[in-house]
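Data block below; observations after.
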There are 2 protein chains.
Amino acid sequence: METIKKQASPKISFSTCTTREVLKLIGDQWTALVIYALESGTKRFSQLCSQIDGISRKMLTQTLRDLEYNGLVQRVVYPVIPPHVEYSLTPLGRTLIEPIGVLRQWAQEHLNEVEQARTEQEQTQRISVQEQVASIVQQR
Amino acid sequence: METIKKQASPKISFSTCTTREVLKLIGDQWTALVIYALESGTKRFSQLCSQIDGISRKMLTQTLRDLEYNGLVQRVVYPVIPPHVEYSLTPLGRTLIEPIGVLRQWAQEHLNEVEQARTEQEQTQRISVQEQVASIVQQR
DNA sequence: CGGAATCCTTTTGGATACTG
DNA sequence: CAGTATCCAAAAGGATTCCG
């Protein structure tokens, strides 16, 4: 075994890494789905709630609040009884459609490979470090 | 206010939505960062641990296990004392570099706008539904 | 209708100690 | 060195109730 060639490791400061930030924005369970649901246009709260399978009103509210706070979604309250509230993507929010689309695209192309890898992994046994070390100790 | 034109809502089955799946894969706090760190080549456990700022050994282990299980990362144990373990992206894992790059790209272009929206939002007061309803009730 | 508030369970993740 | 195991605190998230 050759020692790894120390390619002057990038020393990337992960604390300021933008990847981290964008994942904080859309990396949770629901946010990307809400954006996805809003791609096709303005929706009401209840529409979103029924269209995004499995989301609770609480989580939908919370997710929409975050999106609004980050300037990705616009919320309009119509002062009528019963209340009528509409949500839509802001121009900034719409710029996220493409990146999320790329993710979905990747998923459509490669998710089956992931699935396949999983089932293969379940057959083969993992080698723990301890086992490896133990085996060479035994060989002496 | 016009009622929203019911554009025959897509009825997208979010339960089978691939966006959901891919976010389960890389949507957590650390996974995308580990992939990012492995883009530049094979790394040892301790290298990753020091390069990814703030990650604990526990989370790194867990994240790597998941990546391995999903066929995105390969783990090689060299039977020596002290143990030597190397991690690298599989071909499947490398296909994720581009989508994650698109996200990072988006972040670099738009994160300042998000930041700006946030500070603006902090100035203006949110209108709750209750307040709206209360105000029209009062007007009568 | 679109929430807010409360309670409560589950999950997540850090700190620490131990191990071959 | 590269983990595993255990404990514990914090956070996430569901269910339910209440509200204008």
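Order of the sequence lines sets the chain letters (A, B, ...), proteins ahead of strands, with each chain counted from 1. Predicted model, so just to flag it, every value in this text is computed and none were measured. Hydrogens, waters and symmetry mates play no part in the numbers below; they use all other heavy atoms, side chains included.
As judged by a 4.0 angstrom heavy-atom cut-off over every strand, A:R75 is placed among residues touching the sugar-phosphate backbone only.
Side-chain contact of A:D66 with A:T63: a donor-acceptor pair under 3.5 Å is absent, judged by distance alone. Side-chain atoms of A:S40 and A:K43 include a donor-acceptor pair closer than 3.5 Å.
In this structure the side chain of B:V77 never reaches within 4.5 angstrom of the side chain of B:P83, judged on heavy atoms. B:R44 has its side chain out of reach of B:Y87: every pair of non-hydrogen atoms, C-beta onward, lies at least 4.5 Å apart.
Distance OH (B:Y78) to P (D:dA2): 12 Å, rounded to an integer number of Å. Taking atom CD1 of residue A:I55 and atom P of nucleotide D:dG13, one finds them 10 Å apart after rounding to whole Å. Between B:I52 atom CD1 and C:dG14 atom P the separation is 13 Å, expressed in whole Å. Between A:E86 atom CD and C:dG3 atom C1' the separation is 16 Å, expressed in whole Å. Rounded to whole Å, atom P of D:dC1 lies 14 Å from atom CG of B:L48. The CZ atom of A:F45 sits 6 Å away from the C1' atom of C:dG2 (whole-angstrom rounding). Put simply, CD on A:Q62 is 10 Å from P on D:dG14, counting in whole angstrom units. Look at CE on A:M59: it is 17 Å from P on C:dT10, rounded to the nearest Å.
Along DNA chain C, the nucleotide closest to A:R65 and the one closest to A:K58 are compared, and the more 5′ of them pairs with A:R65. Where A:Q29 and B:Y87 meet DNA chain D, the nucleotide closest to each residue was compared, and B:Y87 sits on the side nearer the 5' end. Each of A:W30 and A:P82 has a nearest nucleotide on DNA chain D; the 5'-most of these lies closest to A:W30. Checking B:V129 against B:R57, the closest nucleotide of DNA chain C that is more toward the 5' end is the one next to B:V129.
Of the candidates C:dG14, C:dG2, D:dC1, the closest approach to any side-chain atom of B:P83 belongs to D:dC1.
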